[in-house]
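Order of the sequence lines fixes the chain letters, A, B, ..., with proteins taken first and strands second; residue numbering starts at 1 for each chain. Computed from heavy atoms alone, side chains included, the values below leave out hydrogens, waters and symmetry copies.
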2 protein chains.
Amino acid sequence: MTLSGKQLVELGAVEARQLIIDGEISPVELVEACIRQIELVNPAVNAIVTTAFERARLEARRVEKQTLHKEDPGLLHGLPIAIKDIQDTEGVRTTYGSPGYAEFVPEQDAAVVARVRSAGGIVLGKTNVPEMSIGANTINPLFGATGNAFNPNLSCGGSSGGSGVAVTTHMVPLATGSDHGGSLRIPACYSGVVGYRATPGVVPNEQRRTVQSYYSVQGPIARSVQDAALLLAVMCRRDQRSRLDPMTFPMDSGKFLELDAVDVGALRIAVTEDLGGVLVSESIRRTFRERVQLISGFVGCCDWVDIDLRTAADVDWHLRQDIFVSQYYKDAEQWDEAFNPNIRATYESALNTPMSEIAQARCVQMELYRKFIGLYENYDLVICPGVSVSPFPWSTMYPAEIDGKAVENYMAWLALTSSITVLGLPVLALPCGRDESGLPFGIQVIAPMYRDHRLLSAAHALEKAFAREHALVRPIPDFESLKCAKKL
Amino acid sequence: MTLSGKQLVELGAVEARQLIIDGEISPVELVEACIRQIELVNPAVNAIVTTAFERARLEARRVEKQTLHKEDPGLLHGLPIAIKDIQDTEGVRTTYGSPGYAEFVPEQDAAVVARVRSAGGIVLGKTNVPEMSIGANTINPLFGATGNAFNPNLSCGGSSGGSGVAVTTHMVPLATGSDHGGSLRIPACYSGVVGYRATPGVVPNEQRRTVQSYYSVQGPIARSVQDAALLLAVMCRRDQRSRLDPMTFPMDSGKFLELDAVDVGALRIAVTEDLGGVLVSESIRRTFRERVQLISGFVGCCDWVDIDLRTAADVDWHLRQDIFVSQYYKDAEQWDEAFNPNIRATYESALNTPMSEIAQARCVQMELYRKFIGLYENYDLVICPGVSVSPFPWSTMYPAEIDGKAVENYMAWLALTSSITVLGLPVLALPCGRDESGLPFGIQVIAPMYRDHRLLSAAHALEKAFAREHALVRPIPDFESLKCAKKL
């Protein structure tokens, strides 16, 4: 089997792995093809900010030998992968998008990275993030912005923006990300790929500063649900360092390798376009309604339901204040004027917030959760749009206004995702055609706590159905124009 | 088989259930024997504050018929049980130990109670608690104090004090409890019975006000580890209401019915008498050291280890402040002067605490956790004393001083238990002979998160070994003197 470079980089992760194991393609060729794609396309979008090509080539040759010797293949056997630059990579510069770490080279992999490597994944490079990964527009003082692959002048979302762009542009089949208020989902939607925020505790996170929190959840970005599930199966492996995270409940990580066959015609779906009234542009509402119309043609039922999560964004802000104080109280003294204004604004507002407000927000959180899960008595899934507006210019930190309404701060335009974080529920961003501007459009698919396997299985079935409807098909960037685009 | 009343009330839960199923004893006789025991002994100790005898008799007759008809027996088939008065019982007065609820009769069982009933458990009554279950001495303005079964002038601990006393005095084989800072463990130690605080999330708690917390954990009190495991298997069942608690991770509750055979001679035990320096009386230290000497004679190893949890009590106080604000901010306006001073003191101190202090406490909590679990690289279990002092007179809210050192507040004398809550680890209170005053002495047996089954299995093995050593044997109250004691 001889595949061109273009064909090699188009391969999905599950498919590429099987071809490597079967000796049909060489991991060395695959890595070279991805490196070539990065060299061609990355200048236009600036998704990958640090590369590890020489090490990747060595590792690819090692995998090739293992294959020849019929050694047991790892789950990511020979697959090129990009790592979000908030996650430490041994020997490879890790900046957190911050000038303060411009030359930092970790001595140890973060546990998710170690799991990726020990499964045979080949790290090609690090993907761009907002400074310290806070904000939903991928821009920082060290590397500048990552451009949207469908129009490099526009935002690719964030904070896992570089990962979303690297995957949609075929630089890599897989990338890691993490999600606080939408950081896996927003960039997935803006890049037309799959991003998955699992139930907190599924992916052990030894770096969390507090024993219990829904922030932040590490997860996969891929071009298909099955590929995302493969990377998830690796990221959530229980190992020596998992016990550093007390939320790591016992679970068989291998179960994500086999998704159930779900009859899409039997799926009962609850639909809401704005979670009961959060900020969503008219244009996105129209697109979502059209898509729901199409989807209702092939699922069991697709009912518009009453949900009211309008107070969730305020809860998120308070919980965010609380977690930021835990996260940053040791560092705050050293921040200068240039440091991420999103972080400074949240932190400073936190210091003047009485703890009773935080406590009340926690109670509201519980009330919202208990109301929302009532929906699952009658429905398998809840769906809503993933982002409130079409991609905006990355030159503004966040969209300044939506349909004439001013946007208050860096979180106010993304209540669609942050409200789901408040609930703690597992949620998948699924590509769903293009919006009215011709840019990628995605929906959030939301399931009950701990039903990750069911959610992934159902999303996989939906994805297959979407592939048969022109308006629902996953969008693919125009590579030729990207290759000619001026350097970002 | 004809058993006397005395023999019937002595039966353990697992044994009694089997005898009922085999038709060897009648559930009606068992219930009558327990009622008789309550009538004889309860006046001296005041453990059970509300009874449900007529309903219990009806239910016992129903179970008897089910047995005759060979219907599938429930896990608690015909077993008399007492419910902590903080847990709602449908049709049976539930006061939370508070005059404000003196006549409150819930219309619905709390979920743990519903699970007990649907497993065939027969609720005989409600057990006494401090007001709103806050405090480790069981006394309240509504029912007064519960006396220690080994000396009714002394405290039985708390907050599940009535449950501990009801079980040790053979009024019931099983009782429910709950544990915030030691509320299952302290009364278990003071009554010479087993109390079990499972990993948070094992027992679904639909009444918690916040989505994630180690407070408060519901659990079993029994006279043996196996009986506690039986009740746990019922309390932790996943049902319709479990999903109201987002911490309810997937788990097979049935696994607690079969404990593994553990070779006590292979157990590696880490030992600390004071968690690195928390307040523990000299007398308790001496008793603990003697017991460790004995235990080291039959386990694999029993090593004194360096642990430093001295900052954990302060963390607990801050987390407690935080949770109290969530729990009580709606009610605080209505409190009068007589309301539980423990709650008022914690709540009022909370309002003046900056949120940065709480956030920092959370970070310290994580650091303590990560250091502590390092012990489990070399040891299966950690043990330490359960309570810092021998039972004290219940007429003081808490021991005024320990070895001449003043005790600062209602939490300062129980850092041995509250510090383990801060870590979140599963912990079992195991009876271990008597202290220097001839009163029950118990140890805490602590395992890693989610290793509940292993912990129960190991504790079961230890318990069997203890039964062979005179100084380690579970103490039993002097029933004759209790029956003659003056009414408490």
Side-chain angles (χ1 to χ4, degrees), chain A residues 199-202 206 208-214 240 243-251 318-319 321-330 332 347 350-363 365-370 373-374 376-377 422-425 448-453, chain B residues 199-202 206 208-214 240 243-251 318-319 321-330 332 347 350-363 365-370 373-374 376-377 422-425 448-453:
Chain A
T199 302
V202 167
E206 83 286 0
R208 217 182 36 249
R209 289 249 179 117
T210 56
V211 298
Q212 291 182 300
S213 174
Y214 293 166
Q240 190 67 8
R243 44 179 215 146
L244 296 173
D245 178 359
M247 287 177 66
T248 308
F249 62 89
M251 197 195 69
H318 280 94
L319 299 180
Q321 288 181 314
D322 184 51
I323 204 79
F324 273 41
V325 176
S326 297
Q327 193 78 28
Y328 294 114
Y329 76 93
K330 284 180 180 165
Y347 185 83
L351 296 181
N352 297 314
T353 301
M355 64 171 285
S356 56
E357 272 191 32
I358 310 284
Q360 289 171 35
R362 279 207 192 89
C363 294
Q365 178 185 27
M366 185 55 120
E367 288 160 16
L368 291 173
Y369 173 78
R370 290 192 173 146
I373 57 161
Y376 295 106
E377 286 175 26
V422 164
L423 301 177
L425 302 174
M449 294 291 271
Y450 307 103
R451 300 297 171 90
D452 299 84
H453 188 262
Chain B
T199 301
V202 167
E206 83 286 0
R208 217 182 36 248
R209 288 247 180 119
T210 56
V211 297
Q212 291 182 300
S213 174
Y214 293 168
Q240 191 67 7
R243 44 181 215 145
L244 296 173
D245 177 359
M247 286 178 66
T248 308
F249 62 88
M251 196 196 68
H318 280 94
L319 300 179
Q321 288 181 314
D322 183 52
I323 204 81
F324 274 40
V325 175
S326 297
Q327 194 78 26
Y328 294 115
Y329 76 93
K330 284 180 180 164
Y347 184 83
L351 296 181
N352 298 314
T353 301
M355 64 170 286
S356 56
E357 272 191 32
I358 310 283
Q360 289 171 34
R362 278 207 193 91
C363 294
Q365 179 186 26
M366 185 54 121
E367 289 160 15
L368 291 173
Y369 173 77
R370 290 192 173 146
I373 57 159
Y376 295 106
E377 286 176 26
V422 164
L423 302 178
L425 301 174
M449 295 291 271
Y450 306 104
R451 300 299 171 89
D452 299 83
H453 189 262

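- Counting heavy atoms of neighbouring residues, nucleotides and ligands inside a 6.0 Å radius, atom CZ of B:R451 does not exceed 12 of them.
- A:Y328 pairs by the ring-ring contact (aromatic ring centres under 6.0 Å, His included) definition with A:F324, A:W335, not counting sequence neighbours.
- In this structure, the side chain of A:Y369 does not engage the main chain of B:D245 through any donor-acceptor pair within 3.5 Å.
- In this structure, chain B has a heavy atom under 4.5 Å from the side chain of A:I358, while its backbone stays farther away.
- A side-chain donor-acceptor contact under 3.5 Å links A:R370 to the backbone of B:L244.
- Between chain A and the options B:E206, B:M449, B:Q360, the largest number of non-hydrogen pairs under 4.5 Å is found for B:Q360.
- Contact of A:M247 with chain B is made through backbone and side chain together, with heavy-atom distances under 4.5 Å.
- Here the straight-line distance linking atom CZ of A:R209 with atom CD of B:Q365 works out to 14.5 Å at 0.5 Å rounding.
- Between A:C363 and B:S326, the shortest heavy-atom distance links the atoms SG-O, 3.2 Å.
- Put simply, the side chain of A:R208 never gets that close to the backbone of B:M366: no donor and acceptor are under 3.5 Å apart.
- For B:Y329, the part sitting under 4.5 Å from any heavy atom of chain A is the side chain, from C-beta outward, and nothing else.
- The contact between A:T248 and chain B is made entirely by backbone atoms, counting heavy-atom distances below 4.5 Å.
- Rounded to the nearest 0.5 Å, atoms OH (B:Y214) and CD (A:Q212) are 4.5 Å apart.
- Both the backbone and the side chain of A:E377 come within less than 4.5 Å of a heavy atom of chain B.
- Counting heavy-atom pairs closer than 4.5 Å to chain B, the top residue among A:P354, A:P448, A:G424, A:A350 is A:A350.
- Residues B:D322 and A:M355 are in side-chain contact: their nearest non-hydrogen atoms beyond the backbone lie under 4.5 Å apart.
- By number of non-hydrogen pairs under 4.5 angstrom with chain B, the leading residue of A:A359, A:A361, A:P246 is A:P246.
- When the candidates B:G201, B:S356, B:S213 are compared by the number of heavy-atom contacts under 4.5 Å with chain A, B:S213 comes out ahead.
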